[in-house]
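Fair warning: this is a prediction, and the values are worked out from it, not measured in the lab. Only this structure's heavy atoms are used, side chains among them; waters, hydrogens and symmetry mates stay out.
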Amino acid sequence: MPPKTYTAPKELVYAGIDAAEPVPCTAEGTADGCTLVIRVGEALHCIHPDYLVEMQTKRRQAAPAPRRKVAPKPAAAPEMDCVAIDFETATREMDSACSLGVAVVRGLEVVDTWYHLIQPPENRYEEGNVHVHGITPAQTADQPTLDELWPELRRFFDGTLVLAHNARFDVGVLRKSLSQSDKIPNFRYADTIQMVKNVVPGRHGLDACCDYFGISLAHHHNALDDAVACAEIAIRCAKLAGCASVRDCLRQRRLNTTDFHRKPSTYQRYAAKAVRLSDVTATVEQFDLTHPLYQKTVVFTGDLAIDRAEAVQRAVNKGAVVKSGVSAKTDVLVVGRQGQSAAAPESTKERKARELTEAGKANIRVMDEAEFMALVGE
């Protein structure tokens with residue numbers, strides 16, 4: 001009987017945008033429990049396991065035609081039609097980025113991903129933020145700041161179309177968390193919330209859109225998973241419109257993209273100025289009787305990215321009744337950003353809404369500004 005032969009395991013290859021052709025890589029571990037860390041040469045990359053598996057599958061298929069060697073590409077590689085991004089923050093302040101996920105889109109496919117933890121200023125966190133995304137000070141204590149990561153990140157923003165779900169927030173975090181934001185190259189960005197309007201019924205939050213399209217979102221508020229989900233939502237919208245790319249879809253539907261350097265501030269916080277609610281009346285001829293806010297009592301708290309009077313007007317135009325204080329009759333509480341310390345993560349109105357709901361005296365739906373804007377329209 002001839003001796004058994006030993007077959008060495010097939011090596012892993014990386015075929016992302018950083019490689020002109022598939023190159024060997026090794027698995028080094030995991031990050032956040034849901035992304036894989038691989039080593040490509042001397043560099044470490046974070047990649048979704050599904051995309052690494054897909055790279056191996058494509059490699060085992062028929063060998064592609066030889067590729068012509070070209071000089072290294074500039075930062076914004078032509079292979080990128082657009083990128084989708086998602087930031088998580090350590091506190092309620094815009095300058096506290098603690099993780100970033102990037103999904104690179106070419107045609108109608110996510111072709112590569114990038115993920116990294118980020119050390120926020122003084123590595124300070126607020127309990128409410130940790131509860132949302134699960135990132136702790138211990139996890140980012142030895143991580144680079146956004147300034148230190150920027151030389152590697154710049155290629156994703158240099159002349160590229162950037163997508164985000166509630167883009168004002170993510171672009172605002174980029175602007176505020178980078179100390180020299182004036183050195184960010186110009187790019188245009190689009191909001192996928194705008195893309196799903198008249199496509200996805202009801203709520204337009206990221207999780208609701210994923211449910212509608214059947215997109216897997218196993219770890220909501222993991223920056224990489226959220227960035228990939230944002231990209232997939234844009235891709236589904238493009239396919240439904242019969243377009244060959246996300247850019248074509250935006251042009252066909254005449255959806256605006258915003259120039260990063262054109263406005264002094266993309267996400268400006270407005271103080272919660274006093275509004276005489278009795279002076280605000282509907283400016284529409286008739287209401288949509290099926291709208292989620294129709295005949296609902298709505299209360300606002302905190303600072304919003306739009307003027308408080310405009311927010312009240314939009315709610316009233318949907319048939320809502322806006323009140324100044326929370327009571328057992330309140331149906332919806334819209335929560336903006338709070339100017340409070342970490343020791344008091346809830347506003348007085350939030351606390352009262354929670355207490356009334358827990359006591360069974362009310363059933364108050366609490367939503368953030370992004371969800372509210374998705375309901376009332378940009």
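Between K239 and E232 no salt bridge is recorded (no basic side-chain N to carboxylate O distance below 4.0 Å). Salt bridge status for R354 with E350: absent, with no side-chain N to carboxylate O gap under 4.0 Å.
Without hydrogens or angle criteria, D191 side chain to N166 main chain gives a donor-acceptor distance under 3.5 Å. Judged by distance alone, with hydrogens and angles left aside, the side-chain atoms of K349 form a donor-acceptor pair with the main-chain N or O of F300 at under 3.5 Å. Here the side chain of R253 pairs no donor or acceptor atom with the backbone of A238 at under 3.5 angstrom. Proximity of a side-chain donor or acceptor of D147 to a complementary backbone N or O of S179 within less than 3.5 Å is detected. Side chain of T330 to backbone of V332: no donor-acceptor contact under 3.5 angstrom is found. A donor-acceptor contact shorter than 3.5 Å links the side chain of Q139 to the backbone of T136. D331 places a side-chain N or O within donor-acceptor distance of the main-chain N or O of T297, the cut-off being under 3.5 Å. Without hydrogens or angle criteria, N123 side chain to P137 main chain gives a donor-acceptor distance under 3.5 Å. Counting only distance, with no hydrogens or angles, the side chain of E148 and the backbone of I118 share no donor-acceptor pair below 3.5 Å. T91 places a side-chain N or O within donor-acceptor distance of the main-chain N or O of E93, the cut-off being under 3.5 Å.
The shortest heavy-atom contact between F157 and L153 is CD1-O, 3.5 Å. In terms of heavy-atom proximity, C243 sits nearest to L108 at O-CD1, 3.4 Å. Minimum heavy-atom separation, V102 to L224: O-CD1, 4.0 Å. Closest of all the heavy-atom pairs between F372 and A311 is CZ-O, 3.5 Å. Closest of all the heavy-atom pairs between M94 and S177 is O-OG, 3.2 Å. The nearest pair of heavy atoms linking L161 to T257 is CD1-CG2, 4.0 Å.
Using a 4.5 Å heavy-atom cutoff, the side chains of E369 and M373 are in contact. At a threshold of 4.5 Å between non-hydrogen side-chain atoms, the residues N129 and H131 do not count as touching. V13 has its side chain out of reach of P24: every pair of non-hydrogen atoms, C-beta onward, lies at least 4.5 Å apart. Residues I85 and L163 are not in side-chain contact: their nearest non-hydrogen atoms beyond the backbone lie 4.5 Å or more apart. In this structure, H116 and L149 have side chains that are in contact, with non-hydrogen atoms separated by less than 4.5 Å. With a 4.5 Å cut-off on side-chain heavy atoms, V335 and L333 count as touching. Contact of the F169 side chain with the T89 side chain is registered, since non-hydrogen atoms from C-beta on lie closer than 4.5 Å. You'll find the side chain of V104 stays beyond 4.5 Å of the side chain of V110, heavy atoms only.
Linking Ile, Leu, Val, Met, Phe, Trp and Tyr residues whenever their side-chain heavy atoms come within less than 4.5 Å places L100 and L178 in a single cluster. No path of Ile, Leu, Val, Met, Phe, Trp and Tyr side chains, each step under 4.5 Å between heavy atoms, connects V200 with L293, placing them in separate hydrophobic clusters. V83 and V171 fall within the same hydrophobic cluster, defined by Ile, Leu, Val, Met, Phe, Trp and Tyr side-chain heavy atoms under 4.5 Å apart, directly or through other members. The cluster map of Ile, Leu, Val, Met, Phe, Trp and Tyr, joined by side-chain heavy atoms under 4.5 Å apart, puts V173 and I184 in the same cluster. By the criterion of side-chain heavy atoms lying less than 4.5 angstrom apart, applied directly or through intervening Ile, Leu, Val, Met, Phe, Trp or Tyr residues, I215 is grouped together with L206 in one hydrophobic cluster.
At least one test fails for R168 against the ring of Y189: distance under 6.0 Å to the centre or angle within 45° of the axis.
No side-chain N or O of Q252 forms a donor-acceptor pair with one of D248 less than 3.5 Å apart. Looking at D288 and T290, their side chains do bring a donor and an acceptor atom within 3.5 Å of each other. Side chains of D81 and S245: no donor on one and acceptor on the other come within 3.5 Å. Side-chain contact, S96 with Y125: no donor N or O sits under 3.5 Å from an acceptor N or O. With no hydrogens or angles considered, no side-chain donor-acceptor pair links Q194 and T192 at under 3.5 Å. Side-chain atoms of N222 and H133 include no donor-acceptor pair closer than 3.5 Å.
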| field | Criterion side chain to side chain donor-acceptor pair (under 3.5 Å) on W114 and E152, from CA distance to verdict | value | CA-CA 10 Å; W114 186 97; E152 182 179 353; 2.8 Å; yes

| task | Begin from the C-alpha positions of V322 and V316 and carry the test side chain to side chain contact (heavy atoms under 4.5 Å, CB included) through to its verdict. | result | CA-CA 7 Å; V322 180; V316 169; 4.0 Å; yes

| request: Take C98 and F87 through the side chain to side chain contact (heavy atoms under 4.5 Å, CB included) test and state the conclusion after the steps. | output: CA-CA 7 Å; C98 63; F87 276 102; over 6 Å; no

| Run the side chain to side chain contact (heavy atoms under 4.5 Å, CB included) check on H220 and D225 step by step: do they pass? | CA-CA 7 Å; H220 190 19; D225 280 12; over 6 Å; no

| Check against side chain to side chain contact (heavy atoms under 4.5 Å, CB included), V376 and N317 | CA-CA 8 Å; V376 299; N317 282 352; over 6 Å; no

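The structure places CZ of R154 at 10.5 Å from OG1 of T160, a figure rounded to the nearest 0.5 Å. Residue D226 holds its CG atom at 9.0 Å from CG of D170, rounded to the nearest 0.5 Å. With values rounded to the nearest 0.5 angstrom, N256 atom CG is found 9.5 Å from L250 atom CG. The CG atom of L217 sits 4.5 Å away from atom SG of C210, with the distance rounded to the nearest 0.5 Å. One finds the OG1 atom of T357 at 4.5 Å from the CD1 atom of I364 (value rounded to the nearest 0.5 Å). Note that NE2 of H221 and CG of D86 are 9.0 Å apart. Values are rounded to the nearest 0.5 Å.
Remark: Y212 pairs with no residue by the ring-ring contact (aromatic ring centres under 6.0 Å, His included) rule, at least two apart or across chains. By the salt bridge (charged side-chain N to carboxylate O under 4.0 Å, His left out) test, D207 pairs with R203, sequence neighbours left out.
Under the 30°/60° scheme for interplanar angles, the aromatic rings of Y294 and F287 are found to be tilted.
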